[in-house]
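In what follows, a structure is listed as C-alpha cells, so that the remarks can point back to it.
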Amino acid sequence: KGLVDAVMKGAAKATGEVLAIQSSDDSYLQGAFKKMASLFHQYPDAGFVCGGECAIDLSGNIVSVTQPTGEISPETILFKLIPAQHSSFIKKELFEFVSGLQADVDMCADIDLWYRASHIQKGIYFPDIISAYQLHPGQRTKVSDKWHSNLVKMVELADNNPKYNHAFRLGDKLKKDLSSY
C-alpha cells in the first residue's frame, strides 16, 4: 500500500535498537553502520543521527555532495537542511514514541518523522558521507504537485498536537517564511 505501509510493517518486525529507512535505488557506503553506532555512543542524548550523502545520476556519476554538521531541530529541518532519509538512523524507541511514519503526509512522510522526532529529542548531523542517493526523472519529489501541501500539513499536524507543540511551534513570521518554500 505504498511507502508508509511498507516502512511501518518493516519497523514492526525490526528487533534492533536503531532503525533506518532505505529506498531501493539508494545505498549505504562502507562504514555507514559503524559510524552510526559510534555517533549514538558519542551523543547518547541524540534520538537520531544523519550523515552526509552523495547524489548520483543513473550512470553512477556523482552530481552533488552534502556534508551537514550540527544539531537538528524543527526549525533547521524547515529552513536549513532536511535530514536525508537514506543517511538517517533513529532510535527505535523514539520512532515508536512518535508513531513512526504517518500516511496523512505521504509525500514527505520521512521529513515528518524527523520533524516530529526533533520536537522530542535532538538529532545530530555529521559530515561523513555514508550513503548514495540515486537521482532519476520519475522521483516523487520531482514530479508530484503535493510536495508543498504535504509540508504545510506536516507542520499544522505537529502544531495542533499537544505531544509536539509544547517544544516548538511555528510562529507567524516563520509560517510566512514557510509559505515561500
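Looking at heavy atoms from C-beta onward, N165 lies out of side-chain contact with N160 at the 4.5 angstrom threshold. Side-chain contact between I130 and E53: absent, with no pair of heavy atoms (C-beta onward) separated by less than 4.5 Å. Side chains of Q67 and I129 form a contact here, defined as non-hydrogen atoms less than 4.5 Å apart.
A side-chain donor-acceptor contact under 3.5 Å links D26 to the backbone of Q134. Although no hydrogens or angles enter the test, the distance criterion places a donor-acceptor pair under 3.5 Å between the side chain of Q121 and the main chain of D45. Using modelled atom types, no side-chain atom of R116 and backbone atom of F95 make a donor-acceptor pair closer than 3.5 Å. With T76 contributing its side chain and S73 its backbone, the two residues share a donor-acceptor pair below 3.5 Å. No side-chain donor-acceptor contact under 3.5 Å links T69 to the backbone of P127.
To the nearest 0.5 Å, atoms OG (S27) and CD (Q22) are separated by 6.5 Å. Between the CG atom of N150 and the CD atom of Q102 there is a distance of 11.0 Å, given to the nearest 0.5 Å. One finds the CD1 atom of I72 at 5.5 Å from the SG atom of C50 (value rounded to the nearest 0.5 Å). C54 contributes atom SG, which lies 4.5 Å from atom CD1 of I62 (distance to the nearest 0.5 angstrom). A distance of 12.0 Å separates NZ in K13 from OG1 in T15, rounded to the nearest 0.5 Å. Note that CG of L151 is 5.5 Å distant from SG of C108, once rounded to the nearest 0.5 Å.
Pairing each heavy atom of Y164 with each of A158, the nearest pair is CB-O, 3.8 Å. The nearest pair of heavy atoms linking A37 to H41 is O-CD2, 3.0 Å. Here the closest non-hydrogen pair linking V4 and A103 is CG1-N, 3.8 Å. When every heavy atom of L19 is checked against every heavy atom of A14, the shortest pair comes out as CD2-CB, 3.4 Å. S88 approaches A20 most closely through the heavy-atom pair O-CB, 3.7 Å. Between I120 and K163, the shortest heavy-atom distance links the atoms CD1-O, 3.5 Å.
Taking hydrophobic clusters as Ile, Leu, Val, Met, Phe, Trp and Tyr residues chained together by side-chain heavy-atom distances below 4.5 Å, I90 does not share a cluster with I124. No chain of hydrophobic side-chain contacts below 4.5 Å, direct or via other Ile, Leu, Val, Met, Phe, Trp or Tyr residues, connects F97 to F89. Following chains of ILVMFWY side-chain contacts shorter than 4.5 Å, one can reach Y115 starting from L113, so the two form part of one hydrophobic cluster. One hydrophobic cluster, built from ILVMFWY side chains closer than 4.5 Å, cannot hold both M8 and V18; they sit in different ones. Residue I77 is grouped with residue L101 when hydrophobic side chains (ILVMFWY) are merged at heavy-atom distances under 4.5 angstrom, including chains of intermediate members.
For OH of Y43, the number of neighbouring non-hydrogen atoms (other residues, nucleotides, ligands) closer than 6.0 Å is 12 at most.
At least one cation-pi condition fails for K80 and Y125: the charged atom is not both under 6.0 angstrom from the six-membered ring centre and inside a 45 degree cone around its axis.
Applying the salt bridge (Lys or Arg N to Asp or Glu O under 4.0 Å) rule to pairs touching residues 84-96 yields K92-E96, sequence neighbours excluded.
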For this session: Apply side-chain contact (heavy atoms from CB on, under 4.5 Å) to the pair V63 and I56, showing each step before the final yes or no.
Result: CA-CA 5 Å; V63 175; I56 58 173; 5.7 Å; no

For this session: Could you walk me through whether Q42 and L39 pass side-chain contact (heavy atoms from CB on, under 4.5 Å), step by step?
Result: CA-CA 5 Å; Q42 186 178 348; L39 283 159; 3.9 Å; yes

Problem set entry | Full working for side-chain contact (heavy atoms from CB on, under 4.5 Å) between S23 and Y133 | CA-CA 9 Å; S23 297; Y133 174 62; over 6 Å; no

For this session: List the steps, then state whether side-chain contact (heavy atoms from CB on, under 4.5 Å) holds for L81 with T66.
Result: CA-CA 10 Å; L81 182 65; T66 304; 4.2 Å; yes

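Note: W114 and F48 have parallel aromatic rings, judged against thresholds of 30 and 60 degrees for the angle between ring planes.
Contacts of D57 classified as salt bridge (Lys or Arg N to Asp or Glu O under 4.0 Å), with partners at least two apart in sequence or in another chain: none.
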